[in-house]
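Within every chain, numbering begins at 1; the chains are lettered A, B, ... in the order of the sequence lines, protein sequences first and strands thereafter.
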Amino acid sequence: GQQVMQIPQYQHVQEGEDFTTYCNSSTTLSNIQWYKQRPGGHPVFLIQLVKSGEVKKQKRLTFQFGEAKKNSSLHITATQTTDVGTYFCAGGGGTSYGKLTFGQGTILTVHP
Amino acid sequence: EAGVAQSPRYKIIEKRQSVAFWCNPISGHATLYWYQQILGQGPKLLIQFQNNGVVDDSQLPKDRFSAERLKGVDSTLKIQPAKLEDSAVYLCASSSTPGLATGELFFGEGSRLTVL
């Protein structure tokens with residue numbers, strides 16, 4: 001079945017440093033979504049990418065979808081303490097309509 | 001707009017006992033998902049409903065887990081009998097995007113299960 005891998009598992013940064021997490025799928029995706037989960041909270045939708053090579057920005061966050069639609073990345077510029085949490089990618093597509101397969105997440109810690 | 005409601009928020013049971021979780025999705029959302037999130041891992045899909053029909057239950061341990069969505073609105077997830085490895089947060093999510101497309105998932109707060 002479809003597998004989605006994320007690296008790194010953990011990332012510790014000083015406030016103001018940049019952060020990047022990478023997502024790779026074993027199969028070609030129809031779309032990819034990114035979610036943020038604060039400690040003790042539930043996943044909250046950030047963005048969806050659909051097109052090959054697509055790049056989207058949300059303030060300090062930049063999301064990319066690979067040309068082959070098998071990988072994606074999330075980059076945060078100048079991290080803030082409010083960025084703390086776990087970032088998940090979730091790949092859609094394959095034979096299961098509307099099914100999203102989540103990666104294991106990257107836990108981001110920001111030191112002030 | 002009210003979000004996805006789940007109950008109970010917390011449940012502690014002993015192994016071999018049974019437990020049920022309830023989910024009320026956002027009004028009008030046709031697609032409902034149950035995910036299992038073990039500590040330190042990403043959510044794992046257990047079952048997906050489209051209205052009151054099952055779209056995907058390939059990862060649902062059917063010997064002990066069951067789920068239903070009567071009338072295409074509320075849903076219940078049951079575990080009987082529970083095992084230690086079932087300790088996890090059970091997340092319900094809903095989406096307004098029907099059919100073949102994958103849309104934004106709105107998650108509830110989750111039900112945290114501890115099996116002793």
Side-chain angles (χ1 to χ4, degrees), chain A residues 1-10 21 23-25 27-51 56 58 63 65 69 72 85-109, chain B residues 1 3-7 9-10 21 23-26 29-51 53-60 69 88-112:
Chain A
Q2 183 181 85
Q3 290 187 343
V4 176
M5 305 298 292
Q6 258 185 278
I7 56 169
Q9 187 175 0
Y10 304 94
T21 174
C23 181
N24 289 285
S25 170
T27 59
T28 301
L29 302 169
S30 60
N31 64 289
I32 195 155
Q33 298 182 4
W34 285 90
Y35 290 80
K36 178 183 179 180
Q37 186 172 26
R38 293 183 185 276
H42 58 278
V44 175
F45 176 84
L46 294 176
I47 208 160
Q48 174 168 273
L49 305 172
V50 179
K51 300 177 182 177
K56 286 189 176 181
Q58 288 180 349
F63 304 84
F65 200 9
K69 300 183 76 172
S72 180
T86 303
Y87 292 85
F88 293 100
C89 63
T95 57
S96 295
Y97 303 128
K99 177 179 178 178
L100 282 177
T101 301
F102 280 76
Q104 64 268 49
T106 295
I107 300 171
L108 174 63
T109 305
Chain B
E1 178 181 84
V4 177
Q6 288 189 248
S7 68
R9 288 294 311 280
Y10 305 93
F21 302 113
C23 173
N24 180 241
I26 293 174
H29 281 195
T31 311
L32 185 147
Y33 306 79
W34 282 102
Y35 281 88
Q36 179 193 58
Q37 187 173 28
I38 293 173
L39 186 64
Q41 299 183 17
K44 170 190 168 185
L45 180 67
L46 293 176
I47 190 166
Q48 175 187 342
F49 292 95
Q50 183 72 28
N51 295 308
V54 175
V55 174
D56 189 317
D57 64 356
S58 58
Q59 297 189 94
L60 186 74
R69 190 184 184 196
V89 176
Y90 291 85
L91 293 164
C92 178
S94 69
S95 172
S96 63
T97 310
L100 305 183
T102 307
E104 173 184 354
L105 266 57
F106 294 84
F107 283 88
E109 296 288 343
S111 294
R112 182 178 298 276

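If you measure heavy-atom distances from B:E104 to chain A, the contacts under 4.5 Å come from both the backbone and the side chain. In this structure, chain B has no heavy atom under 4.5 Å from any part of A:Q6.
Under the 3.5 Å distance criterion, the side-chain polar atoms of A:Y35 are matched with a main-chain donor or acceptor of B:L105.
Taking every heavy atom of both residues into account, B:F107 and A:P43 meet most closely at CD1-O, 3.4 Å.
A distance of 14.5 Å separates NZ in B:K44 from CD in A:Q104, rounded to the nearest 0.5 Å. In this structure, the separation between CG on B:L45 and CG on A:L100 is 8.5 Å, given to the nearest 0.5 Å.
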Legend entry - Step-by-step side-chain contact (heavy atoms from CB on, under 4.5 Å) determination, A:H42 to B:E109: CA-CA 6 Å; A:H42 58 278; B:E109 296 288 343; 3.3 Å; yes

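More than 12 heavy atoms of other residues, nucleotides or ligands sit less than 6.0 Å from atom CD of A:Q58.
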